[in-house]
2 protein chains.
Amino acid sequence: MPSSGSRKRISESTIHRLSLYYRTLSLLEKENYETVSSKELAKREKLTPAQVRKDLSFFGSFGTRGLGYNVNELKSKIESILGINRDWKVALIGVGNIGSALVSYKEFAKQGFHIVKLFDNDQRKIGSNHKGITVSDIKDLDMEVKEANITMVILAVPATVAQYIVDDVVKAGVTAILNFAPINLRVPPFVHLRNENMSMELEYLSFAMVNNHAPKKSK
Amino acid sequence: MPSSGSRKRISESTIHRLSLYYRTLSLLEKENYETVSSKELAKREKLTPAQVRKDLSFFGSFGTRGLGYNVNELKSKIESILGINRDWKVALIGVGNIGSALVSYKEFAKQGFHIVKLFDNDQRKIGSNHKGITVSDIKDLDMEVKEANITMVILAVPATVAQYIVDDVVKAGVTAILNFAPINLRVPPFVHLRNENMSMELEYLSFAMVNNHAPKKSK
DNA sequence: ACTGCCATGTGAAATGGTTCACAAGAAGTA
DNA sequence: TACTTCTTGTGAACCATTTCACATGGCAGT
């Protein structure tokens, strides 16, 4: 009984898996599948059918017993759960290595995340053009973010300045931040912060190689 | 002491947190701290002291009761647990948007991951130079990877071709892959695969905004 | 040496997440 | 209508991770 207020906490892993389901459903749609079972969905993302069904069950009953899920319908349900059934205007701060790669990264736009503003503090970059967007001076951040009604920001600046910029960004009314700097940022409780730490995964690989794999012990 | 056979499975989260501790310890080192308590370490990464101690306890007893951990010593312990107390030679495949950003990404080198080979299939890119490395033809992958004794690869190619390349890469003897393509890749059980899915975190933010955080929207 | 204080290391308890197992619904067939 | 097959949705069981709580050991001051 999903009473409108009783919001059970949904785990992070469940949300991440919704992203995977969404990705697979998009593919299935292209392959002209009408329906898909939890079994097939699971297979395509190396999960278990029970996991798939449980994840979806947190949000409702989207399937038909004996048949599976309608691909189009489930896709659009997940879109609306994830909030990607709309367009998000995103500002990207820091047009360096990573930053300029992200401007051209097509996956973001595909999911409705549109980078509409670029900021940097480097005079040589300010005024230059990336994919049709002119880089603004970070000093104008407050004004421009408010004016464009932007609530989501991608942060691709050096770790040393990240906290200062976050503080400004929050003051400008942003409530969602995707941070690429390898540092733990402080934000007020009403601001959503996620970190993308690319070294972390390399380190995991390194760990796996050195430990798991290593000189195969007789077990 | 170094548990040779009794290999308890260490959770992914623990390993990820080791990366965080490592990062903080590097910082503390620069700030000339001699020792650090689990409390301080926890505070700096928004974790609990018990969590920190438990994580470390899987690998040994590195602290001193009443005092805490020696910064230098703990840092080097974690380095060796993560396997980053050595240099890794890494090949990067796909010199597009993301790929060319990663060549210049300094964090990798800082942790001992050195990109030493670049591959692409685009004639216009082959032969060109990125940060002192010449882009090779992907057709020479097998030969060059074997010759350079490379076991770790970063994959920054389009999803459509990722699986084919992975198959080749595995044949060439690579056993660790960091994949940036938004697709679920098949690898043999002895190959370590990690995925970096940047849209996923944006989707999480979007979810958080739409659900957790109430309608503050008045357009 | 004694005392007070502090912070680790770790079993045990609590919490959270995943898998199991099965009742029940839907569609097709006779 | 009755029967078969298929697959969902979901409590309950199971397993993993996190947190608790405290005995233990080290250090400093007297």
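Chain identifiers are assigned alphabetically (A, B, ...) following the order of the sequence lines, protein sequences preceding nucleic acid strands; residue numbering begins at 1 within each chain.
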Without decimals, in angstroms, what is the distance between [X] [atom1] and [N] [atom2]?
| X | N | atom1 | atom2 | result |
| --- | --- | --- | --- | --- |
| A:E40 | D:dT8 | CD | P | 11 Å |
| B:H16 | D:dT18 | NE2 | C1' | 17 Å |
| A:D55 | C:dG16 | CG | P | 17 Å |
| A:L41 | D:dT8 | CG | C1' | 13 Å |
| A:E34 | D:dC6 | CD | P | 20 Å |
| B:L47 | D:dT17 | CG | P | 16 Å |
| A:E12 | C:dG17 | CD | P | 10 Å |
| A:N70 | D:dT7 | CG | C1' | 15 Å |

Problem - Partner set under side chain to side chain donor-acceptor pair (under 3.5 Å) for B:D167, not counting sequence neighbours - result: B:Q163
Looking at [N], I'd like to know if its phosphate oxygens (OP1 or OP2) sit under 4.0 Å from a side-chain N or O belonging to [X].
| X | N | value |
| --- | --- | --- |
| A:R9 | C:dG17 | no |
| A:S13 | C:dG17 | no |
| A:Q51 | C:dG17 | no |

Practice task
Please tell me if the side chains of A:V90 and A:F108 come closer than 4.5 Å, counting only heavy atoms from C-beta onward.
Solution key: no
Exercise for the section: Evaluate the side-chain proximity of B:L18 to B:L56: yes if any heavy-atom separation is below 4.5 Å, no if none is. Expected result: yes
Fill in the blank from the handout: Given protein heavy atoms under 4.0 Å, the one-letter contact record of nucleotides 1-8 of chain C, with B base, S sugar-phosphate only and - none, is simply -----BBB
Exercise for the section: Please confirm whether A:R44 makes a cation-pi placement over A:Y33, using NZ or CZ under 6.0 Å from the six-membered ring centre and within 45° of the ring normal. Expected result: yes
Practice task
Quick one: pull up CG in A:L141 and NZ in A:K171 and give me the separation to the nearest 0.5 Å.
Solution key: 11.0 Å
Problem - A:R194/A:E12 salt bridge by N-O under 4.0 Å criterion - result: yes
Fill in the blank from the handout: Checking D:dA12, D:dT17, C:dT10 against the side chain of B:S11 (C-beta onward), the nearest is D:dT17
Problem - Side chains of A:T24 and A:E45, donor plus acceptor under 3.5 Å - result: yes
